[in-house]
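First comes the structure, then the notes that go with it.
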Amino acid sequence: MNSAQYQFPADELEYIKNHAIKLDHEGEFTSSAGVSYGWAGNKAYVDFLYGYGLRSGFANTEKQPSYHVINIGYEHVFRNIRPLKGLKLRVDVTNLFDERYQIRNGSGLGVFMSQYGQRRAGFLTTVIQF
């Protein structure tokens, strides 16, 4: 039998033996919403992500700060470009306001490394239809 108990300090094992604990990847809630609008070969969108914060600290009794991220994008489809059937150009910006947030801080049960959310990034996509 392998319980991996050696990975946890003795005081945390003693605590979790007699207490219910939350899992390290358990946030109370996360929500997302988005809206897009299309017209004459164009489409624009904005979406939003809110994370409550994952568990951390001694026996996962603490929590990371909440975070919110806004993404935007725009695309245009060019039709009847010979010899192609179409050409789609798309621009996306993730984490528009460059919110810096830590998903995990390396503490808590079974968590040994920090993890951060993606910083602002821009993407250009081209799709060629033959």
Side-chain angles (χ1 to χ4, degrees):
M1 182 175 180
N2 181 359
S3 66
Q5 291 180 4
Y6 66 90
Q7 294 182 357
F8 308 107
D11 58 341
E12 280 188 317
L13 282 175
E14 186 62 32
Y15 180 84
I16 64 177
K17 185 168 78 172
N18 299 312
H19 297 86
I21 63 166
K22 295 189 179 276
L23 300 175
D24 64 303
H25 56 275
E26 182 180 350
E28 292 294 318
F29 55 88
T30 299
S31 62
S32 63
V35 63
S36 65
Y37 180 75
W39 72 100
N42 299 287
K43 187 188 300 183
Y45 81 88
V46 60
D47 65 42
F48 171 80
L49 172 69
Y50 172 81
Y52 179 73
L54 297 180
R55 309 307 302 178
S56 63
F58 176 83
N60 293 342
T61 56
E62 300 169 19
K63 139 185 145 41
Q64 290 292 106
S66 60
Y67 58 90
H68 58 282
V69 177
I70 296 175
N71 306 310
I72 61 170
Y74 171 80
E75 74 178 38
H76 181 77
V77 178
F78 298 93
R79 304 254 183 237
N80 300 321
I81 301 175
R82 300 210 194 292
L84 305 175
K85 289 183 181 177
L87 173 69
K88 182 192 299 185
L89 295 176
R90 180 176 174 138
V91 177
D92 296 287
V93 178
T94 59
N95 197 353
L96 179 64
F97 299 109
D98 199 24
E99 179 172 350
R100 299 172 186 176
Y101 61 99
Q102 191 173 43
I103 297 171
R104 302 178 190 280
N105 66 4
S107 69
L109 294 173
V111 179
F112 306 110
M113 297 190 70
S114 297
Q115 181 181 6
Y116 295 84
Q118 180 178 329
R119 299 285 304 271
R120 180 184 317 137
F123 301 93
L124 174 62
T125 306
T126 304
V127 177
I128 300 172
Q129 299 170 336
F130 293 100

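Nothing fancy with the numbering, it's 1 onward along the sequence. Keep in mind the model is a prediction, meaning the values are calculated, not measured.
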remark   = Sorted by chain and number, sequence neighbours left out, side-chain hydrogen bond (donor to acceptor under 3.5 Å, both in side chains) with Y50 holds for none
query = Closest approach of V93 and L96, non-hydrogen atoms and distance?
reply = CG1-CD1, 3.9 Å
inquiry  = Under the salt bridge (charged side-chain N to carboxylate O under 4.0 Å, His left out) definition, can you give me all pairs with a residue in residues 121-130, not counting sequence neighbours?
reply    = none
key: R120: side-chain hydrogen bond (donor to acceptor under 3.5 Å, both in side chains) partners, not counting sequence neighbours   = none
key: ring-ring contact (aromatic ring centres under 6.0 Å, His included) partners of H68, counting only residues at least two apart   = none
key: Members sharing V91's hydrophobic cluster (side chains within less than 4.5 Å)   = L124
Please set out all donor-acceptor pairs under 3.5 angstrom arising from side-chain atoms of residues 79-89, sequence neighbours excluded.
none

message = Q115: which residues meet the side-chain hydrogen bond (donor to acceptor under 3.5 Å, both in side chains) condition with it, sequence neighbours left out?
response = R104
R90 versus D92, closest heavy-atom pair with distance = NE-OD2, 2.9 Å
ask   = Among all residues two or more places apart in sequence or in another chain, which pass the salt bridge (charged side-chain N to carboxylate O under 4.0 Å, His left out) test with E28?
value = K22
task = Name all residues meeting the side-chain hydrogen bond (donor to acceptor under 3.5 Å, both in side chains) criterion together with S107; count only those two or more places apart in sequence or in a different chain, and write none if there are none.
result = N105
inquiry  = Who clusters with L54? Use side-chain heavy atoms, under 4.5 angstrom, across I, L, V, M, F, W and Y, and order the result by chain and number.
reply    = L49, Y67, V69, Y101, I103
message = Which residues pass the salt bridge (charged side-chain N to carboxylate O under 4.0 Å, His left out) test with D47, not counting sequence neighbours?
response = none
request  = For E62, enumerate each residue passing the salt bridge (charged side-chain N to carboxylate O under 4.0 Å, His left out) test, keeping only those at least two apart in sequence or located in another chain.
outcome  = none
task = Evaluate the ring planes of H76 and F78, with Trp represented by its six-membered ring, and classify them as parallel (under 30°), tilted (30 to 60°) or perpendicular (over 60°).
result = perpendicular
